[in-house]
Amino acid sequence: MNVSSSDSDYAELGDEELMQRLHHRDQRAFEAIFDRYGDLVYSTALRVLRDTQLAEDVSQEIFVRLWRKPQSYVAERGRFLTWLISVTRNRAVDEVRSRGRRQRHETASPEEQERELPASDSIDPALNAQLAEQARIVRAALAELPPEQREIIELAYFGGLTQQEISDRLDQPLGTVKTRIRLGMQKLRAALAPQIRSEQI
Amino acid sequence: MKCEQVRDLLDAYALGAAEADEANAIEEHVADCVRCWSSLSEAQRAAASIALSTAFQRAPQSLRNRILDEAQRGERRVAPNLLQLARRLMPVGAGVVAAGAAASLGFAIFLQTEVSDLRSDNNQLVAEIETADARLSQQQQLLTVLSAPDFQQITLEARDPTSPSTAVYQWSDSGGTAALLCNNLASLQQGQVYQVWLITEVDSYSAGSFQTWDGIGQLSMDLDDLPEHPIAIGVSIEDTDGAVEPGEMFLFAEFQQ
């Protein structure tokens, strides 16, 4: 391991390489991972929890656990970004469930979300640009979905509701909810197929 | 469940929206079906990508500082001679033993009785009841460890052979919890605590601190908060705020590797 690497060297390393270094207790690799994905983890937790303090607590838990147990990520099972997002979302949903905070999750339109995207001014502009481009593709794909399919998918993903709970919440037959999830996700997978196949997502 | 049924449910499962029984059936199925596993992997990646659609918020600088501080705190290195010194002073052979569980269960029952007695007393004892309740809560966590099928324990040896202090560290990987029980501890001076350390090949981690009552002390721990594969455990006396690095450890044991 090159211990004299500069911060910019770390910013250029891939996720897998940074994770390898985490196994060797490399704090600068950890810092680079936080600078790369801290905003995404915090934003995802905030979207689910709707509470800045809780979102900070969950983000801290996710990163501290990553530092203490980097082996919890297994590269052979998939891309680091997918794993990190899934862990964050699941942990945040657990928190919502444990607190019984089942308030209705309003969803911002992709246009509103685009406006909220901050300028890329962190130490890793290239990767933020890459994330921003992926985000743009995902938002466009979601925007193409019929609103009733998008709403249900977002209630499931960010709201942490099961199909039955969504059916109860929206007062729609369970079969309708299942069909809309299936159709919506089919379209989403088709729209994201190039990114999924090239392992960008 | 057949492949066709599973595939109908994969998207809901990837979104975390499948019911518990559906989720169990899917997990059982994909464990043996490569094609469905592959489809699930794709659905999970599509589902995870949905997070990217959220409005990005800058994580607060204070959060970054807290997280990086936490990482640095966890990286305290043990002075190599500290471990060597401890090894020289400690008789080797403090190993995993199965006995002692019954005694610890009796200890918990004793506390249950203590709490009941306190409740029947007058209001002046409220504060003591709260303290005893906290101790009972610790005992309940201890019972989780003791009743686990993979319960293990290791006896800590006193550095001073004439010391009456005894301690045992008990843990269960499946329960995810651990507890250190100490007896015949010396009374602490004002402003001091007993602090527990887990030592790995390169680091020492503070597992927490505790006070004593009547020479008894206990610390319950969540294994998730502790380093994996520690090589040794020790107890030192530190100031109330806790120390960054361990001082002299008067109780100590090495784990069998």
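The chains referred to below are lettered A, B, ... by the order of the sequence lines, with proteins before strands, and numbering in each begins at 1. Excluded from the calculations below are hydrogen atoms, water molecules and symmetry mates; all remaining heavy atoms, backbone and side chain alike, are included.
In terms of heavy-atom proximity, B:Ala51 sits nearest to A:Leu40 at O-CD1, 4.3 Å. Across every non-hydrogen atom of B:Leu226 and A:Lys69, the tightest pair is O-CE, 4.4 Å. A pairwise comparison of heavy atoms in B:Asp11 and A:Arg189 identifies OD2-NH2, 2.8 Å as the closest pair.
Here A:Ile137 contributes atom CD1 and B:Ser49 contributes atom OG; the two are 10.0 Å apart, rounded to the nearest 0.5 Å. Note that CD1 of B:Ile50 and CD1 of A:Ile85 are 10.5 Å apart. Values are rounded to the nearest 0.5 Å. In this structure, the separation between CZ on B:Phe56 and OG1 on A:Thr44 is 7.0 Å, given to the nearest 0.5 Å. How far CD of B:Glu70 is from CD of A:Glu61: 11.0 Å, rounded to the nearest 0.5 Å.
With hydrogens and angles ignored, the 3.5 Å screen pairs no side-chain donor or acceptor of A:Thr82 with any backbone N or O of B:Arg45. With hydrogens and angles disregarded, a donor-acceptor distance shorter than 3.5 Å links the side chain of A:Asp39 to the backbone of B:Ala59. Side-chain atoms of B:Glu19 come within 3.5 Å of backbone N or O of A:Gln164 as a donor-acceptor pair. Listed for the A:Arg89 side chain is a donor-acceptor partner under 3.5 Å among the backbone atoms of B:Leu15. Remark: side-chain polar atoms of A:Arg139 are paired, donor with acceptor, to backbone N or O of B:Thr54 under 3.5 angstrom.
For A:Tyr157, the parts lying near chain B are the backbone and the side chain together; criterion is any non-hydrogen pair under 4.5 Å. Heavy atoms of B:Ala47 lying under 4.5 Å from chain A belong to its backbone as well as its side chain. For chain A, no part of B:Leu10 is nearby; none of its heavy atoms comes within less than 4.5 Å.
Contact check for A:Trp67 versus B:Ile67: no side-chain heavy atoms found under the 4.5 Å cut-off. Within the 4.5 Å cutoff, side-chain heavy atoms of A:Gln163 are placed close to those of B:Glu22. Within the 4.5 Å cutoff, no side-chain heavy atoms of B:Arg7 are placed close to those of A:Arg182.
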Q) When you look at A:Arg68 and B:Glu228, which way does the salt bridge (Lys or Arg N to Asp or Glu O under 4.0 Å) test go after all the steps? A) CA-CA 9 Å; A:Arg68 288 183 181 163; B:Glu228 286 193 334; over 6 Å; no
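Side-chain N/O atoms of B:Gln57 and A:Ser43 include no donor and acceptor closer than 3.5 Å.
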